[in-house]
Amino acid sequence: MNASIGIQIVPKVTGDEEVIRIVDEVISYIRSTGLSYFVGPLETSVEGDIDELIDIIRNCQRIAAEAGADSLSTYVKINYRPNGDVLTIEKKVSKYHK
């Protein structure tokens with residue numbers, strides 16, 4: 001696991017419930033990848049291989065559009081370590097979620 005991402009999808013739609021519905025579809029897709037992930041209030045973190053994560057970013061945008069977002073903003077943070085493993089989500093946050 002040489003990378004982790006933080007991804008925030010912000011669909012441009014009317015109403016909070018519609019935003020939540022679309023974001024829930026994106027999170028459902030992330031869950032289906034089988035990768036380790038953590039849903040936070042502002043972004044979802046996912047860890048895996050960099051190529052796999054780049055594909056996930058692209059697919060998250062496609063899923064949000066297919067779910068009804070005529071426009072969306074995507075904010076991404078990438079932590080990449082080409083010659084080793086990145087610090088895991090578990091190591092980063094487990095002490096705060098006991």
Item to complete: Calculate, to the nearest 0.5 Å, the distance between atoms OH and CD1 belonging to Y37 and I7 respectively.
Response: 14.5 Å
Item to complete: Give the minimum heavy-atom separation between C60 and I9, together with the two atoms involved.
Response: CB-CD1, 4.0 Å
Worksheet item: Any chain of hydrophobic side-chain contacts (each under 4.5 Å) joining F38 to V23?
Response: no
Discussion item. Please determine whether side chain to side chain contact (heavy atoms under 4.5 Å, CB included) holds for the pair K92 and N79, giving the CA-CA distance in whole Å, both sets of side-chain angles, and the decisive distance to 0.1 Å.
Written reply: CA-CA 13 Å; K92 290 177 185 175; N79 178 22; 4.0 Å; yes
Response to the item:
CD of Q61 to CD of E66, rounded to nearest 0.5 Å, is 12.0 Å
Which pairs would a plain distance check flag for residues 41-48, meaning a side-chain donor or acceptor within less than 3.5 Å of a matching protein atom at least two apart in sequence or in another chain?
unit_1 : atom_1 : unit_2 : atom_2 : d
E43    : OE1    : K77    : NZ     : 3.4
E47    : OE1    : I89    : N      : 2.8
E47    : OE2    : S36    : OG     : 3.1

Worksheet item: Roughly how far apart are D51 CG and L53 CG, rounded to 0.5 Å?
Response: 9.0 Å
Discussion item. Starting from V19, can I reach V10 by hopping between I/L/V/M/F/W/Y residues whose side chains sit under 4.5 Å apart?
Written reply: no
Discussion item. Looking at every heavy atom in both P11 and L72, which two are closest together, and how far apart are they?
Written reply: CA-CB, 3.9 Å
Worksheet item: Just how far is it from atom OG1 of T33 to atom CG of L35, taken to the nearest 0.5 Å?
Response: 3.5 Å
Worksheet entry | Cluster overlap I54 with Y29, hydrophobic side-chain contacts below 4.5 Å | yes
Discussion item. Just to verify, what does D55 make a salt bridge (Lys or Arg N to Asp or Glu O under 4.0 Å) with, not counting sequence neighbours?
Written reply: R58
Fill in: Residues which pass salt bridge (Lys or Arg N to Asp or Glu O under 4.0 Å) with E18, listed by chain and number, not counting sequence neighbours
R21
Practice prompt. Before giving the answer on side chain to side chain contact (heavy atoms under 4.5 Å, CB included), spell out for S28 and D24 the whole-Å C-alpha distance, their side-chain angles and the decisive distance to 0.1 Å.
Written response: CA-CA 6 Å; S28 179; D24 282 348; over 6 Å; no
Discussion item. Under 4.5 Å between side-chain heavy atoms, counting indirect links through other Ile/Leu/Val/Met/Phe/Trp/Tyr residues: same cluster for Y75 and I5 or not?
Written reply: no
Worksheet item: Just how far is it from atom NZ of K91 to atom OG1 of T88, taken to the nearest 0.5 Å?
Response: 5.5 Å
Discussion item. Would V86 and M1 count as a side chain to side chain contact (heavy atoms under 4.5 Å, CB included) here? Give the steps.
Written reply: CA-CA 7 Å; V86 295; M1 179 191 66; 3.7 Å; yes
Worksheet item: Say you draw a straight line from CD of E52 to CG of N59; how long is it, rounded to the nearest 0.5 Å?
Response: 11.0 Å
Item to complete: For the pair N2 (side chain) and I50 (backbone), establish whether a donor and an acceptor sit closer than 3.5 Å, ignoring hydrogens and angles.
Response: yes
Discussion item. If hydrophobic clusters are built by linking Ile, Leu, Val, Met, Phe, Trp and Tyr wherever their side-chain heavy atoms come under 4.5 Å apart, do Y80 and L87 end up in the same one?
Written reply: no
